[in-house]
Amino acid sequence: MSEHMKLYEVFIRSRRGLDHKHVGSLHAEDPQQALEYARDIYTRRSEGVSIWVVNSSDITASQEGDCESFYDPHDDKPYRHATHYQLPEAVNNM
Amino acid sequence: MSQDVPQAELDELEAQFQARIDAEEKIEPKDWMPEAYRKNLVRQISQHAHSEVIGMQPEGNWITRAPTLHRKCILLAKVQDEGGHGLYLYSATETLGTSREELVQALHDGVAKYASIFNYPALTWADIGAIGWLVDGAAIVNQVSLQRTSYGPYSRGMIRICKEESFHQRQGYHIMMTLMQGSEEQRAMAQDALDRFWWPSMMMFGPHDAESAHSARSMKWKIKRQSNDELRQKFVDQSVAQAEEIGLKIPDPELKWNEERGHYDFGEIDWEEFSRVVSGNGPCNRQRLQHHIRVHEEGQWVRDAIAAHEEKKRQRAGKAAA
Ligand SMILES: [Fe+2]
Ligand SMILES: [Fe+2]
């Protein structure tokens, strides 16, 4: 049956003020049904106050294998971090 | 939209909304909210976004003239961060149903404001130090407080931004410290930068609480969590020791520790200068806005090219399907 139904990724906001977090996926006929299934599958113990469902096919993902060419330039920039700057003890809480 | 809802129901919705805020819960984009709350947020967050973006100009001005390659890399990274902060904030504004185009248009029309501090020029390399130390320092005081703002996307944006800000202030202070360890001229240059940037930085917190147009309601809705004067006091208290540590003198003859209050007393801001700059007549207001408009217009061909490329892809996909 699943070959006829679309795959949805499910994101749940566990508490107001927090980001939605990916929790898993499921098959459903349409977004409304996906929401209801997500409610039944992922929030049986009040894990969330808000659910997002997104067609898996709508997600474009970076590949971990491309890591080096994709992220590499970031590692040789220690000056982007606060700890790079040595300040006197008295003002170091800046 | 809300015109169709009967008043009794509106009152009920508003009571629920306020109860949620009083309970320290966040408001999220799809929640019901009073129109005035939405408007207030759009105004404040977009003003904040514009400030991040316009703020790139005075600092960007020094990227090609940084004294060492290392300082150049740092400044480039900082200015890049500020552009990113603008994007976080524009997208937080967009969750309220206002488009990016509308926001940029409002800036270009002079309807939307940005922080007045960026209407002052960065004249010397020491100004880059003063801006990082004081302007980012003041912004951090404000943004740390706003991490607890009632609107979820704004609050989360602030948390992300505060994490990235941590190096901005330190690199600025490090520039000032290095200059203060240098020659007579370098020390004078650092002091001069502090002299020019101190009061405009103090103005960043806005008018006194009693005169602040939006304050009372913003506090009730917890859009703002601390008043302008409270935040300004915090900024003064932290800056004094930082200046003293490297031998700089804050240009305020009335600055004095008040044992009783447990805070520094300080002099009055020149409010005439404040309203002159806010109303468009600071040293660089026109230049900042014109530059933004010019770059936006010059970038039109890029947006056109992206749209044309998308169209071509769509047509190809159409042909392949047919
Ligand atoms: Fe920033
Ligand atoms: Fe910054």
Side-chain angles (χ1 to χ4, degrees), chain A residues 6 8-23 30-36 38-39 42-43 46-55 57-62 69-94, chain B residues 20-21 23-31 69-78 80-81 132-133 136-137 140 147-157 159-160 162-178 180-181 238-247:
Chain A
K6 283 189 212 132
Y8 285 87
E9 300 298 324
V10 181
F11 299 81
I12 291 186
R13 187 203 297 292
S14 56
R15 198 155 48 76
R16 278 172 173 279
L18 299 182
D19 288 308
H20 284 76
K21 217 175 126 197
H22 186 242
V23 291
D30 59 37
Q32 196 50 47
Q33 195 181 51
L35 264 188
E36 282 161 18
R39 174 200 61 197
Y42 292 108
T43 64
S46 23
E47 286 91 340
V49 294
S50 162
I51 305 175
W52 282 350
V53 290
V54 183
N55 266 331
S57 58
D58 285 342
I59 291 179
T60 309
S62 68
S69 57
F70 205 61
Y71 297 110
D72 193 39
H74 299 206
D75 291 334
D76 61 356
K77 295 181 170 58
Y79 48 81
R80 281 205 172 113
H81 299 275
T83 46
H84 180 72
Y85 305 88
Q86 307 275 316
L87 301 185
E89 199 43 49
V91 297
N92 204 24
N93 61 350
M94 187 185 297
Chain B
R20 185 163 271 165
I21 285 176
E24 288 295 323
E25 281 185 24
K26 299 294 180 212
I27 304 301
E28 295 293 348
K30 308 227 158 166
D31 293 339
L69 182 58
H70 186 60
R71 292 287 186 200
K72 180 173 175 166
C73 291
I74 294 171
L75 187 56
L76 200 55
K78 180 188 187 288
Q80 186 186 24
D81 270 2
W133 170 37
D136 286 75
I140 291 169
Q147 291 182 118
R148 292 169 54 239
T149 189
S150 60
Y151 187 56
Y154 193 23
S155 157
R156 291 189 287 276
I159 291 167
R160 207 161 291 133
C162 282
K163 259 188 221 147
E164 300 187 356
E165 285 290 349
S166 56
F167 101 74
H168 296 183
Q169 190 184 16
R170 290 174 72 92
Q171 65 84 34
Y173 188 79
H174 197 269
I175 290 173
M176 294 301 251
M177 188 176 85
T178 309
M180 290 306 284
Q181 291 161 354
Q238 75 180 30
S239 299
V240 176
Q242 293 166 358
E244 275 171 5
E245 180 67 26
I246 51 177

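Because only heavy atoms are used, hydrogens play no part in the values below, and waters and symmetry mates are left out as well, while side chains stay in. Order of the sequence lines fixes the chain letters, A, B, ..., with proteins taken first and strands second; residue numbering starts at 1 for each chain.
- Taking chain A as the reference chain and counting heavy-atom pairs below 4.5 Å, the highest number among B/E165, B/Q171, B/M177 is found for B/Q171.
- Within the 4.5 angstrom heavy-atom criterion, only side-chain atoms of B/Q80, from C-beta onward, approach chain A.
- Closest non-hydrogen pair, B/A77 versus A/R80, comes out as CB-NE, 3.9 Å.
- The shortest distance between side-chain heavy atoms of B/F167 and A/H84 does not fall below 4.5 Å.
- For chain B, the nearby part of A/R13 is the side chain; its heavy atoms alone come within less than 4.5 Å.
- Here the shortest heavy-atom pairing between B/E245 and A/P88 reads OE2-CB, 3.3 Å.
- Interface summary for chain B: among A/A90, A/S50, A/G17, the most heavy-atom pairs under 4.5 angstrom belong to A/G17.
- With rounding to the nearest 0.5 angstrom, the CG atom of B/D136 is 11.5 Å from the CE atom of A/M94.
- The minimum heavy-atom distance between B/R170 and A/Y85, with the atom names listed, is NH2-O, 2.7 Å.
- More than 12 heavy atoms of other residues, nucleotides or ligands lie within 6.0 Å of CZ in A/R39, so this atom counts as buried by the packing criterion.
- By the salt bridge (Lys or Arg N to Asp or Glu O under 4.0 Å) test, A/D19 is found to be paired with B/R156, B/R160, residues two or more places apart in sequence or in another chain being considered.
- Both the backbone and the side chain of B/S166 come within less than 4.5 Å of a heavy atom of chain A.
- By the salt bridge (Lys or Arg N to Asp or Glu O under 4.0 Å) test, A/R16 pairs with B/E25, B/D31, sequence neighbours left out.
- In this structure, chain A has no heavy atom under 4.5 Å from any part of B/H168.
- What you find for B/E28 and A/L18 is that their closest heavy atoms are OE2-N, 4.4 Å.
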